[in-house]
Number of protein chains: 2
Amino acid sequence: MFSKTCEYAIRAMIYIAQQSKSGGKTGFKQIAHAIDAPEPFIAKILQQLGRENLVQSSKGPHGGFYINEQTMNRTLADVVKAIDGDKIFSGCGLGLTFCSEKNPCPIHNEFKSIRNQMQQMLQSATVSQFNDLLDRRLVHLGRN
Amino acid sequence: MFSKTCEYAIRAMIYIAQQSKSGGKTGFKQIAHAIDAPEPFIAKILQQLGRENLVQSSKGPHGGFYINEQTMNRTLADVVKAIDGDKIFSGCGLGLTFCSEKNPCPIHNEFKSIRNQMQQMLQSATVSQFNDLLDRRLVHLGRN
DNA sequence: AAAATAAAAGACTTTTTTATCTTTTATATA
DNA sequence: TATATAAAAGATAAAAAAGTCTTTTATTTT
């Protein structure tokens with residue numbers, strides 16, 4: 001569905017959001033550990049997310065990654081678009097470049113509603129909406 | 001969504017089904033051309049599909065690939081399972097191996113209905129149901 | 001200002017996926 | 001039975017994705 005990179009990115013965003021709620025910052029090692037992902041790979045992904053302004057960061061002692069007020073309201077769709085692009089929202093299920101409303105592939109119509117629902121779901125899910133569930137350990141991001 | 005291999009496989013199946021309707025057989029070169037895919041790669045994929053009994057084939061002169069009566073009713077879900085496995089139907093959207101009903105990832109519930117719909121869609125689409133639309137050139141598999 | 005801390009950037013390696021090429025096996029037909 | 005045809009199998013190559021390592025830059029604290 002999503003690339004591995006994108007899966008890590010979503011998990012990292014959700015974790016950072018939770019940690020940032022009360023103004024905290026988190027290092028990439030801690031993030032990697034929390035979501036059970038390879039440290040240097042997460043470091044790279046956080047750089048990408050930073051360039052897209054999906055995470056904030058500060059260098060030096062007591063530095064780290066965090067998510068500010070506005071960014072809390074960014075959606076999973078934003079994260080997916082930043083990492084995997086929008087092919088999952090608009091691309092053809094059979095990988096045909098020409099496929100469109102006017103020149104459809106066989107499964108074009110069958111796929112349309114699923115793609116739309118996926119988009120709606122991702123667009124309505126903010127990165128911070130899981131904070132509570134995480135706090136209460138009702139959902140999980142790592143191995144636990 | 002699907003691997004490239006799987007996309008080619010679905011397109012190939014749909015094409016072969018149409019060609020087989022009236023008892024015809026098709027060589028892998030013709031198939032590759034029709035669905036606009038690399039010849040030797042399609043040859044490999046057809047071998048896989050053959051092993052899973054999703055296509056029939058005969059060697060020698062006037063040989064080729066075809067799809068028999070029963071196989072006409074096989075679904076796109078069968079093809080996807082044969083090539084990509086069932087992670088798209090049952091896997092976690094965030095790639096978490098532990099994720100389940102009891103130990104859910106944050107987006108577990110959000111994803112469930114989409115996955116189910118995808119499965120239903122693929123399970124109810126037979127490889128032969130597009131024959132007519134293809135004949136009437138209302139849908140397309142290649143560049144056209 | 002110096003030392004320590006932490007992210008950013010860039011180069012590099014490994015693994016997986018995608019694609020290709022060559023040889024073998026099976027079948028039909030002349 | 002010999003020849004031609006076409007798929008099966010196996011080995012190899014190229015490209016993309018995933019993952020790692022090293023150096024640089026920025027910031028804080030002493």
Side-chain angles (χ1 to χ4, degrees), chain A residues 1-13 16 19-20 24-33 35-68 80 82-85 87-88 94-95, chain B residues 1-13 16 19-20 23-33 35-68 80 82-85 87-88 94-95 97:
Chain A
M1 197 79 94
F2 306 125
S3 70
K4 219 106 198 294
T5 307
C6 188
E7 290 175 357
Y8 289 143
I10 295 174
R11 286 198 266 156
M13 289 291 293
I16 300 168
Q19 295 294 304
S20 303
K25 290 173 192 164
T26 322
F28 73 89
K29 286 179 190 174
Q30 190 184 333
I31 297 168
H33 180 259
I35 69 173
D36 198 40
E39 288 185 4
F41 196 36
I42 283 299
K44 270 285 150 223
I45 295 169
L46 288 168
Q47 286 176 26
Q48 270 188 77
L49 293 172
R51 274 184 238 110
E52 308 270 353
N53 291 308
L54 283 163
V55 290
Q56 285 68 50
S57 67
S58 60
K59 293 181 177 183
H62 304 112
F65 294 90
Y66 60 100
I67 283 179
N68 65 23
V80 171
I83 304 291
D84 280 352
K87 63 182 184 310
I88 198 161
L94 298 184
Chain B
M1 197 79 95
F2 306 125
S3 70
K4 217 107 198 292
T5 307
C6 188
E7 291 175 357
Y8 289 143
I10 295 173
R11 286 197 267 154
M13 289 291 294
I16 300 169
Q19 295 295 304
S20 303
K25 290 172 191 164
T26 321
F28 73 89
K29 287 179 189 175
Q30 189 184 334
I31 296 167
H33 181 257
I35 69 173
D36 198 37
E39 287 185 4
F41 196 36
I42 283 298
K44 270 285 150 223
I45 295 169
L46 289 169
Q47 285 176 28
Q48 271 188 75
L49 293 172
R51 274 183 239 112
E52 309 271 353
N53 291 307
L54 283 162
V55 290
Q56 285 69 50
S57 67
S58 61
K59 293 183 177 181
H62 304 113
F65 294 91
Y66 60 100
I67 284 179
N68 64 23
V80 172
I83 304 291
D84 281 350
K87 64 181 182 312
I88 198 161
L94 297 184
T97 45

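Chain identifiers are assigned alphabetically (A, B, ...) following the order of the sequence lines, protein sequences preceding nucleic acid strands; residue numbering begins at 1 within each chain. These numbers come from a predicted model, not from an experiment.
Applying the side chain to side chain contact (heavy atoms under 4.5 Å, CB included) criterion to B:Ser57, with sequence neighbours excluded, gives B:Phe65. Considering only residues two or more places apart in sequence or on other chains, B:Asn53 meets the side chain to side chain contact (heavy atoms under 4.5 Å, CB included) condition with none of them. Scored by the side chain to side chain contact (heavy atoms under 4.5 Å, CB included) test, A:Ala37 finds A:Tyr8, A:Ile35, A:Ile42 as partners (sequence neighbours excluded). Every residue two or more places apart in sequence or in another chain that forms a side chain to side chain donor-acceptor pair (under 3.5 Å) with B:Gln30 is listed here: B:Tyr15. Not counting sequence neighbours, the partners of B:Phe2 by the ring pair (Phe, Tyr, Trp, His ring centres under 6.0 Å) test are A:Phe111. Partners of A:Glu7 according to the side chain to side chain donor-acceptor pair (under 3.5 Å) rule, which considers only residues two or more places apart in sequence or in another chain, do not exist here.
Annotation: proximity of residues 56-63 of chain A to DNA chain D (heavy atom, distance under 4.0 Å) is found for A:Lys59, A:Gly60, A:Pro61, A:His62, numbered in ascending order. Taken residue by residue, residues 23-31 of chain B places heavy atoms nearer than 4.0 Å to DNA chain D at B:Thr26, B:Gly27, B:Phe28. Within a heavy-atom distance below 4.0 Å of DNA chain C, no residue of residues 46-54 of chain B is found.
Residues B:Ala43 and B:Phe28 share a closest heavy-atom pair of CB-CD1, 3.8 Å. Scanning all heavy atoms of the two residues, the minimum distance from B:Leu46 to B:Ile31 falls at CD1-CD1, 3.9 Å.
A distance-only check finds a donor-acceptor pair linking the side chain of B:Gln56 to the backbone of B:Asn68 [under 3.5 Å]. Side-chain atoms of A:Ser3 come within 3.5 Å of backbone atoms of A:Cys6 as a donor-acceptor pair (strictly under, hydrogens ignored).
Screening residues 38-62 of chain A for salt bridge (charged side-chain N to carboxylate O under 4.0 Å, His left out) gives no qualifying pairs among residues at least two apart or on separate chains.
Protein chain A contacts DNA chain D over a range whose 5' and 3' limits, counting nucleotides with an atom under 4.0 angstrom from a non-hydrogen atom, are D:dA18 to D:dT29.
Atoms NZ (A:Lys44) and P (C:dA11) sit 10 Å apart, rounded to a whole Å. For B:Ile42 and C:dC21, the CD1 to C1' distance is 17 Å, given to the nearest whole Å. One atom, CG of B:Asp36, and another, C1' of C:dT18, lie 16 Å apart when rounded to the nearest Å. One can place CD1 of B:Ile83 at 13 Å from P of C:dA19, the figure rounded to the nearest angstrom.
Separation of atoms OG1 (B:Thr26) and CD (B:Gln19) is listed at 4.5 Å; rounding is to 0.5 Å. Rounding to the nearest 0.5 Å gives a distance of 4.0 Å between CD1 of B:Ile83 and CD of B:Gln48.
Using a 4.0 Å heavy-atom criterion, one finds that B:Pro38 contacts the sugar-phosphate atoms exclusively.
Phosphate contact (OP1/OP2 of C:dT17, side-chain N/O of B:Ser3, threshold under 4.0 Å): absent.
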